[in-house]
Amino acid sequence: AQKVTQAQTEISVVEKEDVTLDCVYETRDTTYYLFWYKQPPSGELVFLIRRNSFDEQNEISGRYSWNFQKSTSSFNFTITASQVVDSAVYFCAPIINNAGNMLTFGGGTRLMVKP
Amino acid sequence: SQTIHQWPATLVQPVGSPLSLECTVEGTSNPNLYWYRQAAGRGLQLLFYSVGIGQISSEVPQNLSASRPQDRQFILSSKKLLLSDSGFYLCAWRGPDFSYNEQFFGPGTRLTVL
């Protein structure tokens with residue numbers, strides 16, 4: 001069985017601060033995918049990034065960056081110079097190589113960025 | 001480009017009433033389709049998924065059922081709603097091939113059972 005832990009249930013920062021959201025998962029698979037989603041107050045889940053287990057190169061996209069460490073089963077997400085619009089719930093979701101490709105969502109981290 | 005629609009956006013229903021939520025996808029063929037539920041302040045729970053017309057897999061035994069009458073249509077139903085059915089229902093799709101694996105979500109339906 002898979003398990004995804006987002007230990008930080010709620011984080012509050014002041015605008016322009018950097019913030020890192022942690023994600024640790026358990027899987028017996030050697031091949032898998034990892035995802036991050038953002039859920040703003042409107043409710044719709046927005047896809048942010050996909051990472052496969054073969055590629056441990058960190059990725060940066062604008063103010064977003066992701067640090068994937070297969071050895072520690074972690075896939076952390078950093079927002080640099082946070083903005084009020086970043087306020088949302090962020091979900092980490094690994095997927096195993098199975099029919100249906102089911103995501104297993106972590107409990108989510110609620111990020112509040114204050115002006 | 002692909003789009004996913006859900007309706008209604010919000011719904012208030014009495015306990016014991018029936019339910020029908022609809023999800024449709026445009027711009028793709030033979031998608032995998034998913035229904036999730038998110039209770040207030042909690043994470044997402046996968047309810048059903050479908051890899052093709054008439055093919056439904058249930059993840060959680062409950063008061064709900066799903067059907068896929070057409071390739072790009074996914075319906076979530078209940079004959080008699082319970083208070084515990086309240087929540088935010090999200091439909092998602094994924095492409096049929098393995099060129100990418102991410103799921104894309106619809107805008108959701110917020111259901112309140114009174």
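Heavy-atom basis, side chains included; hydrogens, waters and symmetry copies ignored. Keep in mind that this is a model prediction, so the values were computed, not measured. Letters A, B, ... are given to chains in the order of the sequence lines, protein chains preceding strands, and every chain is numbered from 1.
- B/Gln6 does not touch chain A: none of its heavy atoms, backbone or side chain, sits under 4.5 Å away.
- For the pair A/Leu103 and B/Leu44, the minimum side-chain heavy-atom distance is 4.5 Å or more.
- Interface summary for chain A: among B/Pro107, B/Ser50, B/Gly108, the most heavy-atom pairs under 4.5 angstrom belong to B/Pro107.
- Cluster annotation: A/Phe77 is connected to A/Val113 through the hydrophobic network of ILVMFWY side chains, with a link wherever side-chain heavy atoms come within less than 4.5 Å.
- Interatomic distance, A/Glu44 CD to B/Phe88 CZ, rounded to the nearest 0.5 Å: 8.0 Å.
- Taking hydrophobic clusters as Ile, Leu, Val, Met, Phe, Trp and Tyr residues chained together by side-chain heavy-atom distances below 4.5 Å, A/Tyr25 shares a cluster with A/Leu21.
- Taking CD of B/Gln38 as the start and CZ of A/Phe105 as the end, the distance is 9.0 Å to the nearest 0.5 Å.
- There is a path of hydrophobic side-chain contacts, each under 4.5 Å, that joins B/Leu64 to B/Leu21.
- More than 12 non-hydrogen atoms from other residues, nucleotides or ligands lie less than 6.0 angstrom from CG of B/Leu114.
- When all heavy atoms of B/Gln103 and A/Tyr37 are compared, the closest pair comes out as O-OH, 2.6 Å.
- In the hydrophobic clustering of ILVMFWY residues, with side-chain heavy atoms under 4.5 Å counting as a link, A/Phe75 and A/Val24 come out apart.
- Grouping the Ile, Leu, Val, Met, Phe, Trp and Tyr side chains by contacts below 4.5 angstrom, directly or via other members, places B/Val51 with A/Tyr33.
- When A/Gln39, A/Arg110, A/Gln6 are compared by the number of non-hydrogen pairs under 4.5 Å with chain B, A/Gln39 comes out ahead.
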